[in-house]
2 protein chains.
Amino acid sequence: MKRKQRRLSADDRRTEFVNKATELFAEEGFGGGTRALARKLGVTQPLLYRYFPSKDDLIKEVYRKVYLGPLETGWDMLLSDRTRPLRQRLQEFYEAYTDAIFTRKWLRIYLYSGLKGLDINRWYVGMVKDKILSRIIRECRHEAGLPMQGRPSAAELELAWVFHGGIFYYGVRKYIYEAPVLEDKAQMIGDALDIFLAGFECLSQGSSDRGQTPIKAVS
Amino acid sequence: MKRKQRRLSADDRRTEFVNKATELFAEEGFGGGTRALARKLGVTQPLLYRYFPSKDDLIKEVYRKVYLGPLETGWDMLLSDRTRPLRQRLQEFYEAYTDAIFTRKWLRIYLYSGLKGLDINRWYVGMVKDKILSRIIRECRHEAGLPMQGRPSAAELELAWVFHGGIFYYGVRKYIYEAPVLEDKAQMIGDALDIFLAGFECLSQGSSDRGQTPIKAVS
DNA sequence: CGAACATTTTATCGATGGATCAAAAAGGAT
DNA sequence: ATCCTTTTTGATCCATCGATAAAATGTTCG
């Protein structure tokens with residue numbers, strides 16, 4: 001009872017390899033075997049080497065596809081559109097962004113590649129900083145009526161990172177640890193935003209009980 | 001030019017295996033080879049099997065040591081001591097807790113084992129929830145003069161998780177991604193606490209602009 | 001010293017994983 | 001049906017890995 005319809009076009013086969021490899025590596029890590037991968041495709045293992053010179057090249061292709069996925073959603077304009085209230089923009093942005101990255105596949109590949117210390121991971125983190133967090137800070141400062149300086153301070157960026165990381169960690173808890181989480185993701189984002197925005201505002205008005213500027217710039 | 005002083009006592013050799021294995025697995029993941037491990041010890045590979053029945057048993061030992069490490073710091077009483085201001089307690093707790101877990105070794109082993117979906121990881125996450133986050137919520141409610149119910153609601157827990165995860169992610173960024181972070185860890189914790197506490201307080205006083213209870217309990 | 005014991009090494013087995021190459025099989029064109 | 005091209009397979013190589021057994025070396029104590 002063999003498959004009749006074997007042969008696929010070169011492009012289709014290639015993308016099929018990348019897709020199934022993403023699934024396999026997400027579950028097993030990049031140590032997953034090429035034979036297990038071939039089995040998932042219903043083909044034999046040497047066929048892989050007709051489409052990729054080595055397993056490492058396949059892995060690089062997986063990176064590319066996974067890391068570039070979230071960027072195709074066009075969320076970047078959402079943040080800066082000042083015709084709408086900031087809270088609403090942030091809510092919408094984070095719902096869209098987490099829709100893109102909160103999947104078992106994405107998060108696991110992301111963490112596995114992060115543990116390998118790859119350049120593409122550093123690139124992604126840098127992009128999050130520049131395209132997301134810096135903008136959030138800028139908009140928050142604008143909202144709070146603070147003077148606009150060229151770049152956010154390291155301390156402000158850190159605040160945004162902690163906020164962003166908190167949301168990110170929701171995905172890790174749900175899809176990596178498979179721990180019970182608040183099911184309503186939108187509510188989680190909303191509550192986190194309430195805290196963050198209220199806290200940011202309180203601090204901006206100098207109501208800190210420590211004897212220093214609420215958000216101190218690092219010299 | 002061979003080593004003269006080879007032979008170690010059984011106990012010393014065993015702990016040496018576990019220690020070096022922790023280092024190795026932290027860097028390479030649990031796929032790290034037993035031969036590489038032996039090389040780190042300056043012994044031959046079969047010696048491992050005189051102290052551990054299998055590689056898996058060695059790995060279990062590594063888990064035990066790593067996961068139990070942070071618990072030996074006795075931080076758990078810090079949180080509930082109401083003779084001191086809440087903010088100070090939280091600051092001190094998180095500085096101590098992150099001193100214990102913010103190391104390259106700990107974080108990498110934690111993430112690798114989390115990706116394997118192990119029971120010990122679930123146990124640890126549950127412990128964080130019960131021993132840390134639930135207490136924080138309880139103390140925050142007390143501070144805000146809110147009525148004390150038996151257990152924190154799922155939404156409140158989620159709030160604490162997002163806060164906690166944000167701080168945790170600082171360690172991931174620094175030691176896993178090796179990304180530049182705000183160097184002053186204490187300041188990061190302080191700022192995150194300011195935001196969290198201020199936000200929590202604002203919300204508790206019903207100043208949310210959404211038409212609902214600030215922190216809504218999930219039915 | 002030298003016997004008794006514990007520790008470490010040498011040699012090796014079987015399984016698995018990445019990679020190669022020639023041969024076979026499948027589809028399309030004439 | 002026959003030929004040609006492209007895809008796929010079967011067989012295999014070599015390195016590595018976990019694990020085992022037996023030999024050898026160091027340690028202890030009479």
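The distance from atom CZ of B:Arg39 to atom C1' of D:dG18 is 15 Å, rounded to the nearest whole Å. Atom-to-atom, CD of B:Gln45 to C1' of C:dT9 comes out at 11 Å; the value is rounded to the nearest Å. At whole-Å resolution of the value, CG in B:Asp11 and C1' in C:dA6 are 14 Å apart. Atom pair B:Asp57:CG and D:dG18:P shows a separation of 14 Å (rounding to whole Å applied). Atom-to-atom, CZ of B:Arg14 to C1' of C:dA6 comes out at 17 Å; the value is rounded to the nearest Å. At whole-Å resolution of the value, CG in B:Leu41 and P in C:dT9 are 10 Å apart. In this structure, A:Leu8 places its CG atom 11 Å from P of C:dG27, rounding to the nearest Å. Summarising the geometry, the separation between CG on B:Leu47 and P on D:dT20 is reported as 14 Å, rounded to the nearest angstrom.
Take A:Ala21 and apply the side chain to side chain contact (heavy atoms under 4.5 Å, CB included) test, not counting sequence neighbours, and it matches A:Phe25, A:Leu37, A:Leu58, A:Val62. Residues that satisfy the side chain to side chain contact (heavy atoms under 4.5 Å, CB included) test with B:Glu23, not counting sequence neighbours, are B:Lys20, B:Lys40, B:Lys105. With sequence neighbours excluded, the residues satisfying side chain to side chain donor-acceptor pair (under 3.5 Å) with A:Tyr169 are A:Tyr177. Listed by chain and residue number, A:Glu27, A:Arg108, A:Tyr175, A:Glu178 satisfy the side chain to side chain contact (heavy atoms under 4.5 Å, CB included) test with A:Arg104 (two or more places apart in sequence, or in another chain). Partners of B:Asp76 according to the side chain to side chain donor-acceptor pair (under 3.5 Å) rule, which considers only residues two or more places apart in sequence or in another chain, do not exist here. For B:Tyr124, the ring pair (Phe, Tyr, Trp, His ring centres under 6.0 Å) partners two or more places apart in sequence, or in a different chain, are B:Tyr67, B:Trp106, B:Tyr110. Partners of B:Asp11 by side chain to side chain contact (heavy atoms under 4.5 Å, CB included), not counting sequence neighbours, listed by chain and number: B:Ser9. A search for side chain to side chain donor-acceptor pair (under 3.5 Å) contacts involving B:Glu139 returns B:Arg82, B:Arg89, not counting sequence neighbours. Residues satisfying the ring pair (Phe, Tyr, Trp, His ring centres under 6.0 Å) criterion with A:Tyr170, sequence neighbours excluded, are A:Phe102.
Between A:Tyr49 and C:dC21, a side-chain N or O to OP1/OP2 separation shorter than 4.0 Å is absent. The side chain of A:Thr34 contributes an N or O atom lying less than 4.0 Å from OP1 or OP2 of C:dG18. Phosphate proximity of D:dT8 to A:Arg13: present, with a side-chain N or O under 4.0 Å from OP1 or OP2.
Residues from residues 20-31 of chain B that place a heavy atom under 4.0 Å from any atom of DNA chain D: there are none.
Taking every side-chain heavy atom of B:Val43 into account, C:dT9 is the closest of C:dT9, D:dT8, D:dT7. The nucleotide whose nearest atom lies closest to any side-chain atom of A:Pro46 is, among D:dT8, C:dT20, D:dG18, C:dT20. Taking the side chain of A:Lys55 as heavy atoms from C-beta on, and the options C:dT8, C:dG18, D:dT8, the nearest nucleotide is C:dG18.
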Each nucleotide N or O in nucleotides 22-24 of chain D that has a protein N or O under 3.5 Å away: list the pair and distance.
none

Show each protein N/O and nucleotides 13-16 of chain C N/O combination with a separation under 3.5 Å, one pair to a line.
none

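Note on B:Phe52: nothing from the nucleic acid sits closer than 4.0 angstrom, heavy atoms only.
Put simply, the side chain of A:Ser80 never gets that close to the backbone of A:Met77: no donor and acceptor are under 3.5 Å apart.
For the residue pair B:Gln91/B:Glu95, the side-chain donor-acceptor check at 3.5 Å is satisfied. Under 3.5 Å, the side chains of A:Thr83 and A:Asp81 contain a donor-acceptor pair of N or O atoms.
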